[in-house]
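The basis for the numbers below is simple: all heavy atoms, side chains too, and nothing from hydrogens, waters or symmetry mates.
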Amino acid sequence: RATVLPGAKPACTRTLTGTHNGRLEVRDGVTCLVGATVRGSVSVRPGASLVADGGSLAGGLSADRAAVVQLFGTSVRGSVRIVRTTSDVTLAGGSFNGALTLTGDPESILAGNTVRGRLSCAGPVADYGAPNRVTGAQTGSCADL
């Protein structure tokens, strides 16, 4: 267990709870998932933000040039690809069943997670003393986490 203090959480412009069936596309603003289950892939468009607290994503996650991506205690089945986020990437206390790739983000916090798959990072990454358990290969700046 770790306490991670990321940059300020952005104010939610849309909040989802319960179950969402099908693909979820975050087009703009800040979408917050509070204990939500998403049964489908999640994509975050340029400039948009995703904040998830608990819950699960059952189709993977992709974000390209998002403003913020924060997942706290969230379970993700499927690959995760977060590329060129402009502000904050924080993945803490979650579980990832699939490849996890972080590329070109200004700084990523990857703390206290379980990753069952390949972990690949290109860019600064910190675990703040909360190690991650990884069963696949670790490459790039994630090799030493």
So do the side chains of [X] and [Y] get within less than 4.5 Å of each other, counting heavy atoms only?
X	Y	value
V34	T15	yes
T101	S79	no
N132	F96	no
L61	L50	yes
L33	T74	no
L100	L119	yes
S56	R77	no
Q70	P10	yes

CZ (R27) with more than 12 external heavy atoms under 6.0 Å: no
Greater than 12 external heavy atoms within 6.0 Å of D144's CG: no
If you look at every heavy atom in [X] and [Y], which pair is closest and at what distance?
X	Y	answer
N113	A92	OD1-C, 3.5 Å
A67	G47	CB-O, 3.7 Å
T139	R118	CG2-NH2, 3.4 Å
C142	L110	SG-CD2, 4.2 Å
R65	T86	O-CG2, 4.4 Å

To the closest 0.5 Å, what do you measure between [atom1] ([X]) and [atom2] ([Y])?
X	Y	atom1	atom2	result
L16	C32	CG	SG	9.0 Å
H20	T37	NE2	OG1	11.5 Å
R14	L24	CZ	CG	5.5 Å
T114	R133	OG1	CZ	3.5 Å

When hydrophobic residues are tied together by side-chain contacts of less than 4.5 Å, even through go-betweens, does [X] share a cluster with [Y]?
X	Y	value
V83	L102	no
V134	V89	yes
V69	V26	yes

Side chain to side chain contact (heavy atoms under 4.5 Å, CB included) between L91 and L71, worked out: CA-CA 5 Å; L91 309 177; L71 305 179; 3.7 Å; yes
Would you confirm whether [X], through its side chain, and [Y], through its main-chain N or O, come within 3.5 Å as a donor-acceptor pair?
X	Y	answer
D105	E107	no
S141	G123	yes
S62	S43	no

